[in-house]
Amino acid sequence: MKDVSSTLKYKGKDYKLIFNFNAMENIQEEFGSLEKWGKLCQPPDKTSEANIKALKFGIAAMINEGIDISNDENGTNDPPVTLKQVGRILSDVGSEQIAKALNEIVIKSTMSNEKNESSTKN
C-alpha cells in the first residue's frame, strides 16, 4: 500500500494528512476497526452528527504521521499535534474542507488498493 495523502491549510501552514498503515493502526487501536471509525465520522443521515472525538483522533493520527515522515525525511524535529490543536484546526478550516480532505484520502486509498489488487492478479 502506498501512502495516501491530502492537505489541510490552517493559518498559513499546510498540514499533510497521511493515510497509511501507521495511521490506520492508531485508528484501529482506538476504535476497534477502520469501519467503526468511518461510521462514527460519517453519520448515516442528516439528522445525526459525526462523533467529534473520532474525527479529531483520525485527523490527528494522519497529521502526526505526516509530521513523522517529514521529520524523518528532512532531519527536523517538529512536535506532533495534540487533539486540542486538531480541534482548533478543524474549527477554523470548517466541515466542508475536512469532508473534502477525508473523501480525497478515501478515494485515493480505494484507487490505490484496486490498482494493487489488479496488479497482483496479472
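Note: hydrogens, waters and symmetry copies are ignored here, and every other heavy atom, side chains too, is used. Predicted model only: the values in this text are computed from it and were never measured.
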*Is the side chain of Trp37 donor-acceptor paired with the backbone N or O of Gln28 at a distance under 3.5 Å, no angle test?*
no
*Could you tell me whether a side-chain N or O of Asn77 sits under 3.5 Å from a main-chain N or O of Asn71, the two making a donor and an acceptor?*
no
*For the side chain of Ser70 and the backbone of Gly66, is there at least one donor-acceptor N/O pair under 3.5 Å apart?*
no
_Straight-line distance of Ile105 CD1 to Met62 CE, nearest 0.5 Å_ = 5.0 Å
*Nearest-0.5 Å distance, CG of residue Leu8 to CG of residue Asp14*: 9.0 Å
_Selection residues 39-74 - residue pairs positive for ring pair (Phe, Tyr, Trp, His ring centres under 6.0 Å), sequence neighbours left out_ = Phe31-Phe57
*Could you tell me which residues satisfy side-chain contact (heavy atoms from CB on, under 4.5 Å) with Glu73, sequence neighbours excluded, listed by chain and number?*
Ile69
*Taking all heavy atoms of Lys56 and all of Val86, pick out the closest pair and write down the distance.*
O-CG1, 3.7 Å
*Can you run down the salt bridge (Lys or Arg N to Asp or Glu O under 4.0 Å) pairs that involve residues 28-45, sequence neighbours left out, and say none if there aren't any?*
Glu30-Lys53, Glu35-Lys39
*Looking at Cys41 and Ala50, what are the two nearest heavy atoms and their distance?*
O-CB, 3.3 Å
*Hey, are the side chains of Glu65 and Asp68 touching, using non-hydrogen atoms and a 4.5 Å cut-off?*
yes
*Identify whether Ile27 and Phe21 are in the same connected component of the hydrophobic contact network (ILVMFWY, side-chain heavy atoms under 4.5 Å).*
yes
*Minimum heavy-atom distance Ala23-Ile18, with the two atoms named*: CB-O, 3.5 Å
*asked:* I need the Thr82 OG1 to Arg88 CZ distance, nearest 0.5 Å.
replied: 6.5 Å
*If you take all heavy atoms of Pro80 and Ile67, which pair is closest and at what distance?*
CA-CD1, 4.2 Å
_Smallest separation among heavy atoms of Met24 and Phe19, with atom names_ = CG-CZ, 3.6 Å
*How far does CD of Glu25 sit from CG of Leu34, to the nearest 0.5 angstrom?*
11.0 Å
*asked:* Taking atom CD as the centre, does Gln42 end up with more than 12 heavy-atom neighbours from other residues, nucleotides or ligands that are less than 6.0 angstrom away?
replied: no
*Interatomic spacing from CG in Leu83 to CD1 in Ile59 - rounded to 0.5 Å*: 11.5 Å
_Minimum heavy-atom distance Val93-Lys9, with the two atoms named_ = CG2-O, 3.4 Å
